[in-house]
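Keep in mind that this is a model prediction, so the values were computed, not measured. For the single chain, residues carry numbers from 1 onward in sequence order. The analysis underlying the following values was restricted to heavy atoms, covering all of them including side chains, and did not include hydrogens, waters or symmetry mates.
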Amino acid sequence: MEQIEHRNTARRAMTGTSWKMNLVPSAADAYLRELVPLVAGLTGPELFVLPAFPSIAVARDRLLGTGIAWGAQDVHPDEAGAHTGDVSAPMLADLGCRFVEVGHAERRRDHGETPALVAAKVRSIIRWGMEPIVCVGDAARTTPAEAIAGILADLALVVDGLDATGLARLVVAYEPVWAIGQGAAAAPPEV
């Protein structure tokens with residue numbers, strides 16, 4: 001599981017976990033039963049979890065009323081249709097999801113997701129009243145200036161055409177692709 005942290009002057013700090021393809025529903029239930037009392041009364045960052053699709057209903061049932069938000073790790077840009085195995089924004093909204101992560105480096109790599117597809121997903125998420133967490137990151141370890149230029153170019157394609165309301169709902173998660181699963185964490189100055 002990966003941790004996502006967000007800071008920005010317009011909202012509180014956020015800390016959450018994207019569970020990737022881990023924790024079957026029974027394990028998710030046990031994890032959340034243990035987590036909730038551990039963070040009860042925490043007044044720091046806004047907390048959220050992004051379980052695998054089969055565990056979203058478990059997260060909703062365990063987290064409702066706790067102050068911990070839940071969401072999903074992906075979404076199809078269409079609202080319905082013949083898209084076997086995919087999940088739509090209306091389905092996620094009906095489950096009470098607040099956040100939907102899109103554009104993760106692993107989905108871009110494994111599923112060929114492009115900035116255009118990520119942008120379509122972002123619009124669907126916003127249309128259904130949820131907040132997109134858009135993952136961006138530099139593929140190779142470079143200078144901070146080169147990394148920022150590449151990230152901003154990618155992000156510009158994703159947010160092109162969003163109005164101020166849509167932009168205000170957007171959460172950007174920085175993930176240095178070169179550090180994912182490599183044991184080479186980005187140092188604080190790089191982040």
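I148 belongs to a hydrophobic cluster whose remaining members, ordered by chain and number, are L152; membership requires side-chain heavy atoms of ILVMFWY residues under 4.5 Å apart, directly or through intermediates.
To the nearest 0.5 Å, the span separating CD on E113 from CD on E106 amounts to 11.5 Å. With rounding to the nearest 0.5 Å, the separation of CD in E46 from CE in M14 is 5.0 Å. Summarising the geometry, atom CG belonging to L42 is positioned 5.5 Å from atom CG belonging to L47; distances are rounded to the nearest 0.5 Å. Expressed to the nearest 0.5 Å, how far CD of E131 lies from CZ of R98 amounts to 4.5 Å. In this structure, CG on D29 lies 9.0 Å from OG on S55, to the nearest 0.5 angstrom. Rounding to the nearest 0.5 angstrom, the gap separating the CG atom in L155 from the CG atom in D160 is 11.0 Å.
Side-chain atoms of P132 and I126, non-hydrogen and from C-beta on, do get closer than 4.5 Å to each other. R62 has its side chain out of reach of Y31: every pair of non-hydrogen atoms, C-beta onward, lies at least 4.5 Å apart. Side-chain contact between D74 and K121: present, with at least one pair of heavy atoms (C-beta onward) separated by less than 4.5 Å. The closest side-chain heavy-atom distance from L35 to I68 is below 4.5 Å. Considering only heavy atoms from C-beta on, I133 comes within 4.5 Å of F48 through its side chain. By the 4.5 Å heavy-atom criterion applied to side chains, V159 and V122 are not counted as neighbours. Counting only heavy atoms from C-beta outward, the side chains of F99 and I125 never approach each other to under 4.5 Å. Taking 4.5 Å as the limit, some side-chain heavy atom of C97 sits within range of a side-chain heavy atom of I56.
Of the possible donor and acceptor atoms, one in the side chain of R123 sits under 3.5 Å from a partner among the backbone N and O of A119.
Just one of V118, L117, T114 meets the side chain to side chain contact (heavy atoms under 4.5 Å, CB included) condition when paired with R108; it is V118.
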- Task: Let me see the working for E175 and H104 under side chain to side chain donor-acceptor pair (under 3.5 Å), right down to the final yes or no.
- Result: CA-CA 8 Å; E175 55 166 356; H104 194 282; 3.1 Å; yes
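Contact detail for L50 and Q73: the closest heavy-atom pair is O-NE2, 2.9 Å. The shortest non-hydrogen separation linking D138 to P176 is OD1-CA, 3.7 Å. Looking at every heavy atom in both residues, L95 comes nearest to W70 through O-NE1, 3.0 Å. Closest heavy-atom contact between W19 and A28: CZ3-CB, 3.4 Å. Closest heavy-atom contact between H83 and H76: ND1-NE2, 3.2 Å. Nearest heavy-atom pair, A72 versus F53, reported as atom, atom and distance to 0.1 Å: CB-CE2, 3.8 Å.
When the side chains of ILVMFWY residues are joined at heavy-atom separations under 4.5 Å, either directly or via intervening members, V39 and L23 end up in a single hydrophobic cluster. Under the 4.5 Å side-chain heavy-atom criterion for ILVMFWY residues, no single connected hydrophobic cluster contains both M21 and V100.
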